[in-house]
Number of protein chains: 2
Amino acid sequence: MSEFAKLWAEIAPIGRAGSGGYLRYALTTPELTLRDWFRAQAARRDMTVTEDGNGNLFAWRGEPWAPGTVLTGSHFDSVPHGGGYDGPLGIVSAFLAVDKIDKDRKVGIAAFVEEEGGRFGVPCLGSRLFTGVIDPERAAALTDRDGVTFGEALGRRPAGALPEIGQLAAVIELHIEQGRALEVPVGVASAIWPHGRWRMDFAGVGDHAGTTRMTDRRDPMLTFAFAVLAANKEARLAGAHATVGRVQAEPNATNAIPSLVRGWLDARAADTATLDRLVDAVVKKATERAGRDGTELTVTAESVTGEVTFDNELAERIAARLKAPILPTGAGHDAGVLSGHVPTAMLFVRNPTGVSHSPAEHASDADCEAGIEALATVLDDLT
Amino acid sequence: MSEFAKLWAEIAPIGRAGSGGYLRYALTTPELTLRDWFRAQAARRDMTVTEDGNGNLFAWRGEPWAPGTVLTGSHFDSVPHGGGYDGPLGIVSAFLAVDKIDKDRKVGIAAFVEEEGGRFGVPCLGSRLFTGVIDPERAAALTDRDGVTFGEALGRRPAGALPEIGQLAAVIELHIEQGRALEVPVGVASAIWPHGRWRMDFAGVGDHAGTTRMTDRRDPMLTFAFAVLAANKEARLAGAHATVGRVQAEPNATNAIPSLVRGWLDARAADTATLDRLVDAVVKKATERAGRDGTELTVTAESVTGEVTFDNELAERIAARLKAPILPTGAGHDAGVLSGHVPTAMLFVRNPTGVSHSPAEHASDADCEAGIEALATVLDDLT
C-alpha cells in the first residue's frame, strides 16, 4: 500500500454518507475531526500548528509566517454529498510532499475554512477573510440553514485580514481537476472564470391547491420554473454556464400553492462582461414573467468573483519544470482569492470522468501520487 | 366573549409558528396536545372517549357506536404553516353544537388523524383506514420526512376497517370553505372533485456547476421546471387545477447540478375523465422533455380519490332546513371518504377571502357561531 493510499484511507470514512458522498460542512463534527487529524499529521512531522482567528488552520515547517515561506494546502469542507477529493486531496498531498523535501525548506500547509460555501453560502469564506476581501462583521452574520451564524460556529468574531500574508513567497494549491480538460496526470492553472451566486426570491400568495382557481393564483413556482429554463437557455446562447441546483419552497406542501420559492443561480463565464450580460438577461426575463404570474422577484448577489488570472510567470515556470500543460477552469478556489495578494499557482490532478461535486468524483492513486511528486518538485524549486 | 371565542382561544396558541400559520402534523407534540384538549372537552361533558386503533379519536354522547348515532367532527392536523380553521373548526363546533341539543341525543365527535397527508403523504389516512379503503400494512409503512413510519408514530400496526361504522345513521362534517364560492355564512356540500397526488422523480447526473459544459449535462432541474409549466398550462386548457407546491432537490447545493429533483403534482378536475387526461398530458410532455434533457422521469400515484357525490337527499334535506345554498368543492375531506360507507353531508362556513392552507385563512366569529347553530340544528334534526 502506497504512502498516499495509507493516508487517504485514514480520512476516507470521516463524514461519508450513505450516498457514498461526503457531508463535511465547515465547523461540523466531520470537518472538526479532519482538523484533529491535521493537527496529528503536523505533530508527527514536528510542524507547528497555528490558527488565524478566521477558522483557517496552518501547519509550519520552520517559523510560522517566516519571510519567504511557500504556502500550500486546500480545504476539508465538501458540498452536500460531494466527492472526497475536492479539497482534502490538496491537504493530504501537501503533507506527503513536505515529507519528500529537505527539512530546512520554509513551507506552510493551510486548511481553509468554508471553501465551498456549503454551510454559510459564501464560498472561499476563509481565504476571503484572511485576505481582507470580506468584512468580518458581514462574515460573522452569515447563517446556515438552521439559523446558526458563522460567528457562533467559530466561537468568535472573525479576525479578518492578516498582514503576515505579505511575507509569503508564493501560494501553491493542488486540487483535483473538475472537468475533462486534463489528459495527463498533472496540469497547471492559467485562470478561473469569473463566477457568482445570486439568490432569487420569488414571492407569491400561498393558498389551497384544490380550491383556488387557476386565474386567481399568484404562484411563485411558475416564475421559478420559467427562470430555471431561461437561465439554461441564456447560458447556452452566451457560451457560459448557468445552474439552479438549490431550491427551497415555502410551505413546501403538496396541497398548497407556495407563498415563496427561493432558487440559487450559479453563473460563470469566460469574461466578466459575458457573465454580467448573462445574469442581467436571466433577471430581466424572470422579472417579466413575474409580472405575468402576479409574483415578485428579488435578486441578491451572495458572492461574485471577478476573473482570476494566475501569475503568468509562475505558471510558466512550473509548467516548464513539470512539463505539464496549462489550462483554465470554471471552478472557484481559495487560490483564486489568494492570487490577488501573493504570487499564486494551482496544480490540477487528472479527473478521468470530469465528474465533481458528486459521490462519483474520482482520481486514480497513480495520478494522485504523480500530483504529490509534482507538488514536492514545485515546493523544492520555490523554497 | 362568546363561548366559541373562549374555546377557540384555548387552542389558538397550540402549534402556532412564527409565520402565524400552524405546524400541527399528525402525532407530533402540537397535535397530541390538541388530543389531550379533546379528551378534556369530552370529560367536561361526560362524554366517553374511545380510540379505533388507527389514530382516530372519538367522544360519545350515549354508548359508543350505538345504532342510529350521528358522527360529526373533523381533524386537528394542518398543512405546514396552514391556517387554524381547516380541521379544528369542525371539532370545536361539534363540542359547542352538542352543548345546544338534548342530552339524550346519540352523537359522536371524531378527530381523524392525518387528514392533510402533511406528514405521511396520504391525505385522509385516518378515515381511509377506518373505512378499510387503504391496506393497514401499506399505511403502517408510510414514512415522514425523517423516515419515521406511520406505524412507529402510532405505536402499533393500524387496526384497519371498523365494522361498527355500519351502525351510524349519518356523518356530518363542518369545515371552513376553501374557495370564495360561499356568499352567506353557511352552505351545504354537493360533491368533491376527483383529485390526487403524483410524485414525479426526475433523475439526472450530479456534477459540478462550474466545470460541466452545458452540452454534457443531464440536469433534472430543467425537466422539473418544464413539468411545472406544462402542468399549469394543461390544467388551464382543461378547466382543471394543477399545482406543484412541493419540491426537493438532491444534493440541493448551489454549485452542483442536482442528481435528483422530486416534485409533487396535485391535480383536480370536475370529473375523473378530465383528471385522467390532465395527468396523462403532463406526464407525456414531461417524459418527452426528459428525453431531450437526458434525464428520467418516474411517476408514482401517492393517492387518487374518485369523484365524491354526497348523499343528495341528505344534502337537500339539510339545505332546506337551514335555507342554505348547496355547492361543490375542490378540496378533499374525511367526509368524502366516509360518504362511500354512510350517508354523509358537509356544512361549509364562509371564508371571505377564500384563502386556505395559508396563515391568512380566516372566518369571522359571527360566521363560526352561525356554523355551530346550523350544526346543532342538523344534529337535532337527524337524531
Side-chain angles (χ1 to χ4, degrees), chain A residues 21 79-82 116-118 121 123 178-179 193 195 197 205-214 216 219 221-222 224-226 228-229 232 235-236 241 243-259 261 264 266 268 329-332 354-360, chain B residues 21 79-82 116-118 121 123 178-179 193 195 197 205-214 216 219 221-222 224-226 228-229 232 235-236 241 243-259 261 264 266 268 329-332 354-360:
Chain A
V79 299
H81 302 279
E116 299 289 2
Q178 295 175 295
W193 279 18
H195 58 280
R197 299 174 176 202
V205 176
D207 213 330
H208 193 295
T211 55
T212 314
R213 288 180 297 189
M214 300 307 283
D216 289 345
D219 182 351
M221 189 67 87
L222 301 179
F224 166 78
F226 180 87
V228 166
L229 297 177
N232 186 265
R236 285 171 185 265
H241 293 173
T243 311
V244 181
R246 183 174 170 198
V247 58
Q248 185 183 308
E250 293 177 10
N252 209 27
T254 304
N255 53 357
I257 298 162
S259 54
V261 177
W264 280 259
D266 178 302
R268 323 210 183 195
T329 180
V355 171
S356 188
H357 286 186
S358 154
Chain B
V79 297
H81 302 280
E116 299 289 2
Q178 294 173 293
W193 279 19
H195 59 280
R197 298 174 178 202
V205 176
D207 213 329
H208 193 294
T211 54
T212 314
R213 287 181 298 188
M214 299 308 283
D216 289 344
D219 182 352
M221 188 67 87
L222 301 178
F224 166 78
F226 181 86
V228 166
L229 297 176
N232 186 266
R236 286 171 185 264
H241 293 173
T243 311
V244 181
R246 184 176 170 197
V247 59
Q248 188 184 306
E250 293 177 10
N252 209 28
T254 304
N255 52 357
I257 298 163
S259 53
V261 177
W264 281 259
D266 178 302
R268 323 210 183 196
T329 179
V355 172
S356 189
H357 287 186
S358 153

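Chain letters run A, B, ... following the sequence lines, proteins first and then strands; every chain starts at 1. Fair warning: this is a prediction, and the values are worked out from it, not measured in the lab.
Residues A/G21 and A/P359 approach most closely at N-CB, 3.5 Å, considering heavy atoms. Taking both residues in full, the closest heavy atoms of A/G121 and A/P123 are given as O-CD, 3.5 Å, listed atom of the first, atom of the second, then distance. The heavy-atom pair separating B/V355 from B/A360 by the smallest distance is CG1-CB, 3.9 Å. Nearest heavy atoms, A/N255 versus B/R197: ND2-NH2, 3.1 Å.
Neither the backbone nor the side chain of B/S259 comes within contact range of chain A, judged by heavy atoms closer than 4.5 Å. Both the backbone and the side chain of B/E116 come within less than 4.5 Å of a heavy atom in chain A. Both the backbone and the side chain of B/V228 have a heavy atom closer than 4.5 Å to some heavy atom of chain A. Interface residue B/H241: backbone and side-chain heavy atoms are both found under 4.5 Å from chain A.
Between chain A and the residues B/A249, B/A209, B/G354, the most heavy-atom pairs under 4.5 angstrom are made by B/A209. In terms of non-hydrogen atom pairs under 4.5 Å with chain A, the most contact-rich of B/R246, B/H208, B/Q248 is B/H208. Put simply, of A/H195, A/R236, A/H81, the one with the most heavy-atom pairs under 4.5 Å next to chain B is A/R236. When each of B/T243, B/V79, B/T211 is checked for heavy-atom pairs under 4.5 Å with chain A, B/T211 comes out on top. Listed options B/G179, B/G117, B/A253 were ranked by heavy-atom pairs under 4.5 angstrom with chain A; first place goes to B/A253. Ranked by heavy-atom pairs under 4.5 Å with chain A, the first of B/S358, B/G245, B/P258 is B/G245. Per-residue heavy-atom pair counts under 4.5 Å with chain B were compared for A/D266, A/D219, A/T254, A/N232, and the maximum is reached by A/T254. Comparing B/T212, B/D207, B/T329 by heavy-atom pairs within less than 4.5 Å of chain A, the highest count is held by B/D207. Counting heavy-atom pairs closer than 4.5 Å to chain B, the top residue among A/G332, A/G82, A/P80, A/G118 is A/P80.
At distances below 3.5 Å, at least one donor-acceptor pair connects side-chain atoms of A/R268 with backbone N or O atoms of A/G330. A/N252 places a side-chain N or O within donor-acceptor distance of the main-chain N or O of B/V247, the cut-off being under 3.5 Å. A distance-only check finds no donor-acceptor pair linking the side chain of B/S356 to the backbone of B/Q178 [under 3.5 Å].
With rounding to the nearest 0.5 Å, the separation of CD1 in B/I257 from CG in B/L222 is 9.0 Å.
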